[in-house]
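A quick note: this is a predicted structure, and the numbers were derived from the prediction, not measured. Below, chain A is the first sequence line, B the second, and so on; all start at residue 1.
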There are 2 protein chains.
Amino acid sequence: MFLIMLELKDLPTTGVLHKFAERYPDADITAVSSFLHLLRVATDLSIALDACLSKHGLLQGRWWVLILLMREESQTSTPSMLASKAGVTRATMTGLIDGLEQGGLVERVFTKSDRRSVLIHLTVAGQVKLDAVMPDYYQRLRLCMKGLNEAQRIQLEQMLDLINAGIPELTKQK
Amino acid sequence: MFLIMLELKDLPTTGVLHKFAERYPDADITAVSSFLHLLRVATDLSIALDACLSKHGLLQGRWWVLILLMREESQTSTPSMLASKAGVTRATMTGLIDGLEQGGLVERVFTKSDRRSVLIHLTVAGQVKLDAVMPDYYQRLRLCMKGLNEAQRIQLEQMLDLINAGIPELTKQK
DNA sequence: ACATTATAGTTAGGAAGCTAACTATGTCAA
DNA sequence: TTGACATAGTTAGCTTCCTAACTATAATGT
C-alpha cells in the first residue's frame with residue numbers, strides 16, 4: 001500500500017479555477033475540485049498512517065504484508081500471492097520480505113513440492129508486533145472517522161465506487 | 001503531489017474484518033472499510049493520472065510545478081514557494097526544477113535583490129506543454145467524475161472535510 | 001559593527017517503488 | 001523425451017521521494 005502524490009497543500013481557489021476554465025473550456029470546475037480534494041485528504045491520511053506505524057518501527061508496505069499473512073489460516077503465503085494482493089511487483093515484494101525477515105517478523109520456508117516457490121510464514125515475533133500495532137491503529141482510526149455516522153460512511157463508499165467506475169476514462173485511448 | 005501507498009487490490013472481506021475485530025475489539029469495522037476504500041480509490045486515481053500525464057512525457061510532480069507557475073500572474077515563483085505549495089521539501093523541488101529546466105519548460109532567473117534566491121519562470125515551451133496536456137486532462141477528468149452530480153460532489157467534499165478534521169487523531173501523542 | 005540567527009538553495013546519501021533481465025524449475029505437446 | 005513456453009523468485013539499475021548537512025546571503029540585536 002503505497003500512495004505517492006503531491007500533497008496539494010495549496011488547493012486552487014475558485015478564482016484560479018475559473019481563470020483556468022477560461023483558457024481551457026473543457027474544465028469541469030466541480031469535478032476538478034472534488035478530484036483534488038479527494039487526493040489531498042487521501043494523501044494526508046497516508047502520511048498520518050505512516051507516522052502512526054513508524055512509532056512501532058514499521059513502514060506501510062511491511063505492515064501490510066504482516067496483515068496479509070495474518071489473514072491466512074496458516075499465517076503463510078507466497079511472495080507472488082502477497083505481491084498480487086498488495087498491488088506491488090514481485091520484485092518489490094522481495095525487498096519487503098527481506099526487510100521483514102531481517103527483523104525476524106517473517107521467515108522464508110523452502111518447500112519440496114515446487115522448488116521454485118518459497119513460503120512466507122508469520123513468526124511469533126511478527127504476531128507480537130501486530131498485536132502491539134493493531135489496537136493502536138484501530139483506536140486511532142475509530143477516532144479519526146468518528147465524524148461520519150454509519151449512513152455517511154455508506155454514502156461515501158457509494159460515491160467512491162462511482163468515481164472508481166470512471167477511472168478508466170483517465171487512461172483510455174481515445 | 002505524490003501519493004505512495006499500497007494499492008490494496010485485496011480489500012478485506014467482511015468475514016476477515018470480523019475475524020480481526022475478534023482479536024482486536026477496538027476495531028471499528030465500518031471505519032476501517034471506509035478508510036481503506038478511500039485510500040484505494042485515491043491511489044488508483046493517482047496511478048491513472050500518472051498514466052494520463054506520461055503520454056505527454058510528464059510526471060505528476062513536474063506537471064504540478066508547471067500548474068503552480070501558470071497560476072501566478074507573472075508565471076514566476078521561487079523554489080521555496082513552489083515547494084511549500086506543492087507540499088514537498090525544498091530538496092525535492094530542486095530535483096523537479098532540474099528536470100523541467102533540462103526539458104526547457106522552466107528557466108532559472110537569478111535576481112539581484114536577494115542573491116540567495118532564484119526565480120523560476122515558465123517558458124513559452126512550458127506554456128505550450130500545458131496547453132497540450134490540460135485540455136486532455138480536463139476532458140478525461142470530466143468523464144471520470146460524471147457519475148457524481150453536483151449535489152453528490154458537494155456531499156463528498158463535506159465528508160472528506162470531516163475525515164480531514166479527524167486526521168490528527170492518527171498521529172496525536174496519547 | 002559585528003556576532004548570532006534565519007533563510008534560500010543545493011548536495012549527498014538512504015528508502016522503496018518500478019521495469020527488465022536473469023536463474024531455476026515446472027508444464028505441455030509434438 | 002525433449003523443445004518451447006510458463007512461472008517463481010531474485011537481482012540490477014533507474015526514479016524520486018526523504019532527511020541532514022552544507023554554502024551563501026540576509027536580517028537582527030546588542
Roughly, in whole Å, what's the span from CH2 in B/Trp63 to P in D/dT16? 16 Å

Using a 4.5 Å cut-off between side-chain heavy atoms of Ile, Leu, Val, Met, Phe, Trp and Tyr, which other residues end up in the same hydrophobic cluster as B/Leu59? none

Are A/Arg23 and B/Asp131 ion-paired here, with the side-chain N under 4.0 Å from a carboxylate O? yes

Would you tabulate the nitrogen or oxygen pairs shorter than 3.5 Å linking the protein to nucleotides 11-15 of chain D?
none

Using distance only, find each side-chain donor-acceptor pair of residues 100-109 of chain B under 3.5 Å and give its atom names and separation, not counting sequence neighbours.
unit_1	atom_1	unit_2	atom_2	d
B/Glu101	OE1	B/Arg108	NH1	2.6
B/Glu101	OE2	B/Arg108	N	3.3
B/Glu107	OE2	B/His121	ND1	3.2
B/Arg108	NH1	B/Asp98	OD1	3.2
B/Arg108	NH2	B/Asp98	OD1	3.0

Think B/Ser117 has a side-chain N or O under 4.0 angstrom from the OP1 or OP2 of C/dG9? yes

Would A/Thr76 and A/Leu69 count as a side-chain contact (heavy atoms from CB on, under 4.5 Å) here? Give the steps. CA-CA 6 Å; A/Thr76 299; A/Leu69 286 174; 5.6 Å; no

May I have the distance from B/Ile47 (atom CD1) to C/dC18 (atom C1'), rounded to whole angstrom? 11 Å

Reported CG-to-CG distance for the pair A/Asp136 and B/Asp26, which is rounded to 0.5 angstrom: 9.5 Å

Give, for atom CZ of A/Phe35 and atom OH of B/Tyr137, the distance between the pair rounded to the nearest 0.5 Å. 5.0 Å

Quickly work out the A/Gln102 CD to C/dG14 P distance and round it to whole Å. 15 Å

Whole angstrom value for the distance that separates P of C/dG9 from CG of B/Leu96: 14 Å

So which protein N/O to nucleotides 1-4 of chain C N/O distances come out below 3.5 Å?
none

Linked hydrophobic residues, A/Val128 as query - side chain contacts closer than 4.5 Å: A/Val124

Check the pair A/Gln152 / B/Gln158 against side chain to side chain donor-acceptor pair (under 3.5 Å), numbers first and verdict last. CA-CA 10 Å; A/Gln152 289 173 310; B/Gln158 284 170 345; over 6 Å; no

Evaluate the criterion side-chain contact (heavy atoms from CB on, under 4.5 Å) for residue pair A/Leu38 and A/Leu160; output intermediate values, then yes/no. CA-CA 10 Å; A/Leu38 175 58; A/Leu160 290 171; 4.0 Å; yes

Nearest-angstrom distance from the residue atom CG of A/Asp50 to C1' of C/dA15: 12 Å

Are any of the side-chain nitrogens in A/Arg153 or B/Asp28 under 4.0 Å away from the carboxylate oxygens of its partner? yes

Regarding B/Ser80, tell me which of base, sugar-phosphate or nothing describes its non-hydrogen contacts under 4.0 Å with the strands shown. sugar-phosphate

Let me know the distance between CE of A/Met93 and P of D/dT10, rounded to the nearest Å. 11 Å

Spacing between B/Ile120 atom CD1 and C/dT10 atom P, to the nearest angstrom: 7 Å

Check for a donor-acceptor pair, side chain of A/Glu157 on one end and backbone N or O of A/Ile154 on the other, with a separation under 3.5 Å. no

Between the protein and nucleotides 23-29 of chain D, are there any N/O to N/O pairs under 3.5 Å, and if so, what are the atom names and distances?
unit_1	atom_1	unit_2	atom_2	d
D/dT25	OP1	B/Arg115	NH2	3.2
D/dT25	O2	B/Arg116	NH1	3.4
D/dA26	OP1	B/Arg115	N	3.0

Provide, to the nearest angstrom, the distance between the CD atom belonging to B/Gln60 and the P atom belonging to C/dG17. 17 Å

